[in-house]
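What follows is a short report on a single structure.
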Protein chains: 2
Amino acid sequence: MKNGKPSRKERDYLRHRQEILQTALELFSQRGFHNVSMHEIATASEFAVGSLYKFFSNKEDLYRALMIDTSKVFHSSLMAALTTSGNELEKIRACVEARIKVFMENIDYVRLYLAETRGASFNIKAGLDSDIKIRYNVFLQKLANVFESGIRKKVFKKFDPYLLAVALDGISNAFLFEHFNNPDKHPFDASLILDIFFQQIYEKGEMEKCNLVK
Amino acid sequence: MKNGKPSRKERDYLRHRQEILQTALELFSQRGFHNVSMHEIATASEFAVGSLYKFFSNKEDLYRALMIDTSKVFHSSLMAALTTSGNELEKIRACVEARIKVFMENIDYVRLYLAETRGASFNIKAGLDSDIKIRYNVFLQKLANVFESGIRKKVFKKFDPYLLAVALDGISNAFLFEHFNNPDKHPFDASLILDIFFQQIYEKGEMEKCNLVK
DNA sequence: TCATATGTTGAATTTTGATTCATATCATGA
DNA sequence: TCATGATATGAATCAAAATTCAACATATGA
């Protein structure tokens, strides 16, 4: 590398590294960190075991690189959607759509991502907390800000904006899982999510009857 | 055992088994299946390694027993709530409340449960699919039936009832996680969940302006 | 009290899989 | 073409953990 122009060797190195990561991603997302051996990754990526250790100092390091790399793609994609021009609803819609898009394009990664952000992260001794989870919380907070702004403008009702963000995120994830389990029956669609989230579920008039309303 | 009355030995056996499961649950939920050794479980439960194999044929079997046993408690608790007397909203409220209660009482189990039902089940080669997940789907379907009944009575709007169930489930899980991560800031409360789920989030009048409504 | 059955133990064995490193292969430039 | 350094290989090593089993303890009841 001479100021900015990577040499062929360097490009090769990076490409090889990328190939390994991609293969590992597929295997991990299929069977989980502990049920995939370095030998398998080596065979599947057409390298020798020893070579893997030229790229990553150990299995955990490989996994970490994988997760962090991809989480950056996710994160910037979602954040970009939230900075889109438009009113609050348009931002939120863009965000839901971006999420669908990026999830669909990285389906292998999603199971691992959700396991790390939502589930209990048992794969790595420590460390993804201080990266993926933080990034995830930044996103949630930014989404909350959009809700808050909508509330200030009296477009949304006065709910805790952070909880709204959590709720929307929860619905999205739930639909995503549903889609995984049954892709044909449940297309994964932004309007579906937004409709259920934003429209009142009660029929007009019925809501006043119940004790839910303050 | 002579028709129904378990002998002392049998009660001992069952109690010991239960103690092992309880210990294992704590350890697994803390550090995950693969990061807990049989020796640790043995030490913590005050048995010898060998003894564990008198109760369970191997580690995976122990884990499976653990998950299935507890999932039954969960399941029957949620199902009972849905069979409560009352109208649709009352059933749904009862269900959300039951979920909160049973989750709080089995916090150790919850992380594992969610990992298995929502995340990818990487711990067990195969088998929990055909048990926990099925039970979970039965619950979802039953919840969907309640929504459907509400829709027939024109109390709820015409959404796909199954998707409503998925959405409510998703919100509940999301709030649960939030509560885990920040117990003081986010009390885990049924009304909160139901409010966000059932009340329109848009201010009156604002909804008509947007392109969301059909 | 003793013989038998039943339950418990944990050191020894086996398995699994991560990691290493001496050797082979390849690319480069003299 | 050959020497040299860089890179790739995978059999051998090592460590961790699952599983086994011969020996030990304890309870039962004749």
Side-chain angles (χ1 to χ4, degrees), chain A residues 1-2 5-28 30-67 122-127, chain B residues 1-2 5-28 30-67 122-127:
Chain A
M1 157 101 76
K2 215 175 239 172
K5 302 119 195 156
S7 68
R8 186 170 61 72
K9 274 202 177 165
E10 283 162 336
R11 279 182 289 120
D12 274 3
Y13 173 87
L14 252 27
R15 191 161 36 74
H16 289 171
R17 191 187 128 103
Q18 207 42 50
E19 282 170 11
I20 293 170
L21 286 177
Q22 183 55 41
T23 312
L25 173 56
E26 280 159 31
L27 292 172
F28 284 146
Q30 214 96 50
R31 311 213 306 279
F33 180 75
H34 288 286
N35 298 317
V36 175
S37 72
M38 290 299 264
H39 272 89
E40 283 179 282
I41 298 173
T43 310
S45 61
E46 294 173 86
F47 283 92
V49 223
S51 303
L52 299 187
Y53 288 85
K54 289 283 164 15
F55 295 92
F56 308 99
S57 63
N58 54 43
K59 190 182 175 186
E60 198 171 299
D61 185 48
L62 163 49
Y63 183 77
R64 195 193 315 274
L66 183 58
M67 297 304 288
F122 295 140
N123 295 331
I124 291 297
K125 291 190 187 55
Chain B
M1 157 102 75
K2 215 176 240 174
K5 302 118 195 155
S7 67
R8 185 170 61 71
K9 274 205 176 158
E10 283 163 335
R11 280 180 289 121
D12 273 3
Y13 173 87
L14 252 27
R15 191 161 37 72
H16 289 171
R17 190 187 128 103
Q18 207 42 49
E19 281 169 11
I20 294 169
L21 286 177
Q22 183 55 41
T23 313
L25 174 56
E26 280 159 31
L27 292 172
F28 284 146
Q30 213 96 47
R31 310 212 306 279
F33 181 75
H34 289 285
N35 298 317
V36 175
S37 73
M38 290 300 264
H39 272 88
E40 283 179 282
I41 299 173
T43 310
S45 59
E46 294 173 86
F47 283 92
V49 225
S51 302
L52 300 188
Y53 287 85
K54 287 285 161 15
F55 293 91
F56 308 98
S57 64
N58 55 43
K59 189 182 176 186
E60 199 172 298
D61 185 48
L62 162 50
Y63 183 77
R64 183 181 283 116
L66 183 57
M67 297 303 289
F122 295 142
N123 296 329
I124 292 297
K125 290 184 190 59

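Given the structure is predicted, the values throughout are model-derived calculations rather than measurements. So you know, we letter chains A, B, ... as the sequences are listed, proteins then strands, and number each from 1. Quick note: numbers below take in every heavy atom, side chains included, and nothing from hydrogens, waters or symmetry partners.
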query = For B:Phe33, is the NZ or CZ atom of B:Lys59 found under 6.0 angstrom from the centre of its six-membered ring and inside 45 degrees of the ring axis?
reply = yes
Minimal non-hydrogen separation, B:Leu52 against B:Ser45, with atom names = CD2-OG, 4.3 Å
ask   = Taking the six-membered ring for Trp, are B:Phe56 and B:Tyr63 ring centroids under 6.0 Å apart?
value = no
query = How far does OH of A:Tyr13 sit from CD of A:Gln18, to the nearest 0.5 angstrom?
reply = 11.5 Å
key: For B:Gln22, all residues meeting side chain to side chain donor-acceptor pair (under 3.5 Å), sequence neighbours excluded   = B:Glu26
inquiry  = Rounded to the nearest 0.5 Å, what separates atom CZ in A:Arg15 from atom CG in A:Asp12?
reply    = 4.5 Å
ask   = Using a heavy-atom distance cut-off of less than 4.0 Å, which residues of residues 14-22 of chain B contact DNA chain D?
value = none
task = Any chance you could measure B:Asn58, atom CG, to B:Met38, atom CE, to the nearest 0.5 Å?
result = 7.0 Å
task = Return the set of residues passing salt bridge (Lys or Arg N to Asp or Glu O under 4.0 Å) with B:Glu40 (not counting sequence neighbours), or none when no residue passes.
result = B:Arg31
Where protein sits on nucleotides 10-26 of chain C, one letter per nucleotide: B base, S sugar-phosphate only, - none, heavy atoms under 4.0 Å = B-------SBBB-----
Outermost DNA chain D nucleotides near chain B [under 4.0 Å, heavy atoms] = D:dA17 to D:dT28
Heavy-atom closest contact (B:Ala24 atom, B:Leu66 atom, distance) = C-CD2, 4.3 Å
request  = Sequence neighbours left out, what passes ring pair (Phe, Tyr, Trp, His ring centres under 6.0 Å) with A:His16? Give chain and number order.
outcome  = A:Phe47
